[in-house]
Amino acid sequence: MTAGGDGFGDPSAEVLADAAAAFGLLASSARLHIVWVLAQGESDVTGLAERVGGALPAVSQHLTKLKLAGLVRSRREGRRQVYFVDDPGVVTVVRLMVGQLTDRAALAPGPRRISDVGA
């Protein structure tokens, strides 16, 4: 790790790759919505599907990807599988980004979106 001008060191290539993979998973609006809902509290797949407006199989597939990446965990309660986010860092990042964009949309005079800006 090398020191930058701001006093923070540069992260390793492995850490950057892991962060890019996590952001890549959250780049799906459906998965981001699932994480947003789970940041508010735990839920089973049926409750998540109802809340995010997705089909049960699709929500289940998204949850599998999020679990494999370590962004979401689950536990069994009887016959139900209950999902939750237990990483406060993930919750903070999602709440911060969605909150910032919600505030920006409320203040913006026109329909400008980040997705309209080129990379």
Side-chain angles (χ1 to χ4, degrees):
M1 214 175 345
T2 48
D6 58 6
F8 292 100
D10 291 340
S12 69
E14 182 179 342
V15 168
L16 288 171
D18 287 347
F23 281 121
L25 280 170
L26 293 175
S28 158
S29 60
R31 285 191 290 271
L32 183 59
H33 195 176
I34 289 167
V35 173
W36 173 263
V37 170
L38 292 176
Q40 313 309 310
E42 56 191 36
S43 179
D44 65 7
V45 69
T46 303
L48 282 169
E50 290 172 4
R51 177 95 183 261
V52 304
L56 209 59
V59 171
S60 184
Q61 287 180 342
H62 288 306
L63 285 166
T64 297
K65 290 179 182 184
L66 292 166
K67 275 182 68 175
L68 287 171
L71 297 175
V72 167
R73 292 190 31 196
S74 67
R75 72 171 184 284
R76 183 150 306 282
E77 279 188 4
R79 294 175 47 172
R80 293 180 340 138
Q81 194 78 4
V82 177
Y83 296 88
F84 58 96
V85 179
D86 77 345
D87 184 337
V90 170
V91 171
T92 299
V93 167
V94 169
R95 285 183 176 166
L96 179 67
M97 179 55 80
V98 173
Q100 288 290 323
L101 293 174
T102 300
D103 292 347
R104 185 184 298 172
L107 298 173
R112 184 167 179 244
R113 297 174 42 170
I114 286 181
S115 58
D116 295 336
V117 179

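Just so it is clear, the model here is predicted, and its values are computed rather than measured.
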Engineer: Check the hydrophobic clustering (I, L, V, M, F, W, Y; side-chain heavy atoms under 4.5 Å; chains of links allowed) and say if M97 and V90 are grouped together.
Structural biologist: no
Engineer: With rounding to the nearest 0.5 Å, note down the distance linking CD in Q40 to CG in L38.
Structural biologist: 9.0 Å
Engineer: Name the atoms and distances for all side-chain donor-acceptor pairs under 3.5 Å in residues 78-88, with sequence neighbours left out.
Structural biologist:
| unit_1 | atom_1 | unit_2 | atom_2 | d |
| --- | --- | --- | --- | --- |
| R80 | NH1 | D44 | OD2 | 3.0 |
| R80 | NH2 | E77 | OE1 | 3.1 |
| Q81 | OE1 | R76 | NH2 | 3.4 |
| Q81 | NE2 | S74 | OG | 2.8 |
| D86 | OD2 | R73 | NH1 | 2.6 |
| D87 | OD1 | G89 | N | 2.8 |

Engineer: When clusters are formed by joining ILVMFWY residues with side-chain heavy atoms under 4.5 Å apart, either directly or through shared neighbours, do I34 and V93 land in the same one?
Structural biologist: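 Each belongs to a different hydrophobic cluster.
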Engineer: As an exercise, state the distance from CG of L68 to NZ of K65, rounded to the nearest 0.5 Å.
Structural biologist: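 Going from CG on L68 over to NZ on K65, the span is 10.0 Å.
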Engineer: Can you name the residues that form a side-chain contact (heavy atoms from CB on, under 4.5 Å) with A69, not counting sequence neighbours?
Structural biologist: L25, L71
Engineer: Using a 3.5 Å distance criterion without hydrogens, assess whether the side chain of S60 forms a donor-acceptor pair with backbone atoms of L56.
Structural biologist: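 A pair under 3.5 Å: no.
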Engineer: Heavy atoms, side chains only, cut-off 4.5 Å: are E14 and D18 in contact?
Structural biologist: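 E14 reaches D18 side chain to side chain.
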Engineer: Between D10 and L16, is there a side-chain heavy-atom distance shorter than 4.5 Å?
Structural biologist: no
Engineer: What are the two closest non-hydrogen atoms of H62 and S28, and how far apart are they?
Structural biologist: CE1-OG, 4.1 Å
Engineer: Nearest heavy-atom pair of R51 and H33: which atoms, and what distance?
Structural biologist: O-CE1, 4.0 Å
